[in-house]
**Student:** 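Supplied in structure tokens, the structure appears directly below.
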Amino acid sequence: MTPSLEVSGLAYAYPDGTQALYGVDVTIGKGERVALLGPNGAGKTTLVLHLNGILHGGLGTVRVGGLTVDPKDRKGLREIRRRVGIVFQDPDDQLFMPTVREDVAFGPANLGVGGAELERRVETALARVGMLEVADRPPQHLSFGQRRRVAVATVLAMEPEILVLDEPSSNLDPAGRRELAEILLGLDVTMLMVTHDLPYAAELCPRSLVLSGGVIAADGPTPEVLGDEALLRAHRLELPYGFDPAFFARR
Ligand SMILES: Nc1ncnc2c1ncn2[C@@H]1O[C@H](COP(=O)(O)OP(=O)(O)OP(=O)(O)O)[C@@H](O)[C@H]1O
Ligand SMILES: [Mg+2]
């Protein structure tokens, strides 16, 4: 297995002293789709923010396609940010330009993409999430679900090798949730998806990690992880009533 992402011994405390990660080891192979589950405050977002060097300075290492995340290496960090596309928990952390089109163009333009290629990337990314018709509107005039889709498009336009999504299905209506699942299933990238939506994890990710209290509490095939009632209870995870975690494994 060629590793896409290698996290080893990652420990991190915020400047106020809150220890969020206590030594996390995770390896994700190229092309894998992995769910990152865990209760509120477990450290999921903290882990995600380490994957492209937004947070750093604790212990341990993060490697992306063999390249170590090192904030002192400006050129390396640029390459890491090209490889790792993060869709943040809050789309408003991602959208800041006057129009949707400019927001989606921003990342690739920064990497030096221009002209017809830039236009192609923007149109393809927006079409993929069904948001081409809002291309010339200001992002702040869109609904939350629409902003989430545009945020996904800003990352797709970068054509990343690893797509990291922090709670992609939250606040989407049922059709939007299903449409996003179809989009994600159609992408040929390594994926790490933080979610509280366990059926979403079951549908999209063959493998699941449980992060709890800043450590990896479980790592295995999603039907097994979600089938372990004691594990779920211990980490405040709950399946919807009547949901059979083996359903997607049998398909
Ligand atoms: N900026 C910050 N300063 C201090 N502590 C923080 C900061 N951000 C997060 N924390 C703390 O770090 C721990 C991990 O938080 P994190 O946001 O990574 O959890 P999470 O698993 O993403 O939770 P959620 O499911 O609610 O999104 C928590 O104890 C949280 O209070
Ligand atoms: Mg979070």
Side-chain angles (χ1 to χ4, degrees), residues 5-26 28 33-62 64 69 71 80-81 84-96 144-145 147-149 151-152 154-155 160 162-172 177 180-181 184 191-205 207-220 222 225-226 228 231-240 243:
L5 180 68
E6 298 162 276
V7 176
S8 84
L10 190 65
Y12 180 78
Y14 281 96
D16 72 352
T18 307
Q19 185 86 30
L21 301 176
Y22 285 87
V24 170
D25 297 295
V26 173
I28 295 178
R33 283 198 310 276
V34 181
L36 180 58
L37 313 175
N40 290 136
K44 303 179 300 294
T45 296
T46 306
L47 174 58
V48 163
L49 296 177
H50 276 83
L51 303 183
N52 70 2
I54 296 174
L55 288 180
H56 54 82
L59 299 174
T61 57
V62 176
V64 179
V69 178
I80 297 276
R81 292 195 173 156
V84 183
I86 301 182
V87 179
F88 295 116
Q89 195 160 354
D90 183 350
D92 296 337
D93 288 343
Q94 208 134 14
L95 307 174
F96 47 86
F144 184 92
R147 293 203 299 282
R148 163 69 51 64
R149 286 161 175 251
V152 172
T154 63
V155 171
I162 308 180
L163 184 59
V164 181
L165 303 126
D166 200 346
E167 298 188 24
S169 67
S170 67
N171 298 82
L172 294 186
R177 179 180 171 280
L180 184 62
L184 297 176
M191 199 180 298
L192 179 64
M193 190 176 89
V194 175
T195 188
H196 293 291
D197 182 342
L198 302 185
Y200 219 56
E203 185 178 353
L204 288 164
C205 302
R207 176 181 164 201
S208 286
L209 308 168
V210 176
L211 185 69
S212 189
V215 296
I216 298 289
D219 178 356
T222 303
V225 171
L226 297 186
D228 185 338
L231 176 81
L232 297 189
R233 208 171 312 115
H235 302 290
R236 301 173 54 85
L237 299 170
E238 289 182 14
L239 291 169
F243 180 79

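Just follow the structure's listing: the first ligand is 1, and inside any ligand the first atom is 1. If you're wondering where the values come from, they're calculated on a predicted model, not measured in any experiment.
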**Student:** Which bit of Thr45 is near ligand 1, meaning a heavy atom under 4.0 Å away: side chain, backbone, both or neither?
**Tutor:**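 Thr45 to ligand 1: contacts from backbone and side chain alike.
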
**Student:** Is ligand 1 less than 4.0 angstrom away from at least one heavy atom of Pro39?
**Tutor:**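 Checking ligand 1 against Pro39, which is what was asked, there is a heavy-atom contact under 4.0 Å.
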
**Student:** Determine whether a donor-acceptor pair (N or O, by modelled atom type, separation under 3.5 Å) exists between the side chain of Tyr200 and the backbone of Ala181.
**Tutor:**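 Flag set: sc Tyr200 to bb Ala181 pair under 3.5 Å.
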
**Student:** With a 4.0 Å cut-off on heavy atoms, is Gly43 in contact with ligand 1?
**Tutor:**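 Gly43: in contact with ligand 1 (<4.0 Å).
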
**Student:** Does atom 30 (C) of ligand 1 have a protein non-hydrogen atom under 4.0 Å from it?
**Tutor:**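 Given the 4.0 Å cut-off, atom 30 (C) of ligand 1 does not count as touching protein heavy atoms.
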
**Student:** Using atom types as modelled and distance alone, determine if a side-chain donor or acceptor of Arg148 lies under 3.5 Å from a backbone N or O of Pro168.
**Tutor:**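 Flag set: sc Arg148 to bb Pro168 pair under 3.5 Å.
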
**Student:** Would you say Thr45 reaches the Mg ion (ligand 2) with an N/O/S atom under 2.8 Å?
**Tutor:**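 A backbone or side-chain N, O or S atom of Thr45 is under 2.8 Å from the Mg ion (ligand 2).
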
**Student:** If the cut-off is 4.0 Å to any non-hydrogen atom of Ala42, which atoms of ligand 1 fall inside it?
**Tutor:**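 Listed by number with element, the hits are 19 (O), 20 (P), 21 (O).
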
**Student:** Taking the side chain from Gln19 and the backbone from Leu21, do they hold a donor-acceptor pair closer than 3.5 Å?
**Tutor:**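 Judged by distance alone, yes, a pair lies under 3.5 Å.
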
**Student:** Which atoms of ligand 1 sit under 4.0 Å from any heavy atom of His196?
**Tutor:**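 It comes down to these atoms of ligand 1: 25 (O).
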
**Student:** Any heavy atom of Gln19 closer to ligand 1 than 4.0 angstrom?
**Tutor:**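 In this structure, Gln19 fails to qualify as a contact of ligand 1 - no heavy atom is under 4.0 Å.
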
**Student:** Could you tell me, atom by atom, which parts of ligand 1 come under 4.0 Å of a heavy atom of Thr46?
**Tutor:**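 Once the distances to Thr46 are compared, the set is 14 (C), 15 (O), 16 (P), 18 (O).
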
**Student:** Using a 4.0 Å cut-off to any heavy atom of Ala20, which atoms of ligand 1 qualify?
**Tutor:**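 Within the 4.0 Å cut-off of Ala20, ligand 1 contributes 12 (O), 13 (C), 14 (C).
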
**Student:** Check Lys44 with Asp166, please: is the shortest side-chain N to carboxylate O separation under 4.0 Å?
**Tutor:**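 Between Lys44 and Asp166 there is no salt bridge, as every charged N stays at least 4.0 Å from the carboxylate O atoms.
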
**Student:** Atom 8 (N) of ligand 1: protein heavy atom closer than 4.0 Å?
**Tutor:**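 Given the 4.0 Å limit, the answer for atom 8 (N) of ligand 1 is yes, a protein heavy atom qualifies.
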
**Student:** With heavy atoms of Asp16 as the reference, note each atom of ligand 1 found under 4.0 Å away.
**Tutor:**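 Going through ligand 1 atom by atom, the ones under 4.0 Å from Asp16 are 4 (C).
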
**Student:** Picking from Val152, Leu95, Asn171, what satisfies side chain to side chain contact (heavy atoms under 4.5 Å, CB included) with Arg147?
**Tutor:**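 Among Val152, Leu95, Asn171, the one meeting side chain to side chain contact (heavy atoms under 4.5 Å, CB included) with Arg147 is Leu95.
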
**Student:** Can you name the closest pair of heavy atoms from Gly9 and Asp25 and give their distance?
**Tutor:**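 Answer, listing the atom of Gly9 first, then Asp25: N-OD1, 2.8 Å.
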
**Student:** May I ask you to decide if Cys205's main-chain N or O and Thr222's side chain share a donor-acceptor pair within less than 3.5 Å?
**Tutor:**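 Checked: pair present.
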
**Student:** Just need the protein heavy atom nearest to atom 6 (C) of ligand 1, so name the residue and atom and give the distance.
**Tutor:**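 The protein heavy atom lying closest is Tyr14 CD1, 3.3 Å.
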
**Student:** Tell me the closest heavy-atom pair linking Ala201 and Leu37, and the distance in Å.
**Tutor:**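 Closest approach of Ala201 to Leu37: CB-CD2, 3.9 Å.
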
**Student:** Give the single entry among Gly41, Gly213, Pro15 that approaches atom 13 (C) of ligand 1 most closely by any heavy atom.
**Tutor:**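 Result: the heavy atom closest to atom 13 (C) of ligand 1 is in Gly41.
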
**Student:** Taking only heavy atoms of Gln89 into account, list the atoms of ligand 1 that are under 4.0 Å away from them.
**Tutor:**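 Every atom of ligand 1 under 4.0 Å from some heavy atom of Gln89: 27 (O).
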
**Student:** Give a yes or no on whether Gln89 keeps an N, O or S atom under 2.8 Å from the Mg ion (ligand 2).
**Tutor:**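 Yes, since at least one N, O or S atom of Gln89 sits under 2.8 Å from the Mg ion (ligand 2).
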
**Student:** Quick check on contacts: which atoms of ligand 1 are under 4.0 angstrom from a heavy atom of Glu167?
**Tutor:**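 Once the distances to Glu167 are compared, the set is 25 (O), 27 (O).
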
**Student:** Write out the residue and atom name of the closest protein heavy atom to atom 11 (C) of ligand 1, then the distance separating them to 0.1 Å.
**Tutor:**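 Here the closest protein heavy atom is Thr18 CG2, 3.8 Å.
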
**Student:** Check the side chains of Arg236 and Ser212 for a donor-acceptor pair under 3.5 angstrom, ignoring hydrogens and angles.
**Tutor:**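 The criterion, which ignores hydrogens and geometry beyond distance, is not satisfied for Arg236 and Ser212.
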
**Student:** For a quick check under 3.5 Å, do Asp16 and Thr18 share a side-chain donor-acceptor pair by atom type?
**Tutor:**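 There is such a pair (donor and acceptor under 3.5 Å, judged by atom type) between the side chains of Asp16 and Thr18.
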
**Student:** For atom 24 (P) of ligand 1, which protein heavy atom lies nearest, and how many Å away is it?
**Tutor:**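 Of every protein heavy atom, Asn40 ND2, 3.5 Å lies nearest to atom 24 (P) of ligand 1.
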
**Student:** Is a side-chain N or O of Arg81 found less than 3.5 angstrom from the main chain of Asn52, in a donor-acceptor match?
**Tutor:**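 Yes; at least one donor-acceptor contact below 3.5 Å.
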
**Student:** For atom 21 (O) of ligand 1, find the nearest protein heavy atom and state the residue, atom name and distance (0.1 Å precision).
**Tutor:**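 Going atom by atom, the protein heavy atom closest to atom 21 (O) of ligand 1 ends up being Lys44 NZ, 2.7 Å.
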
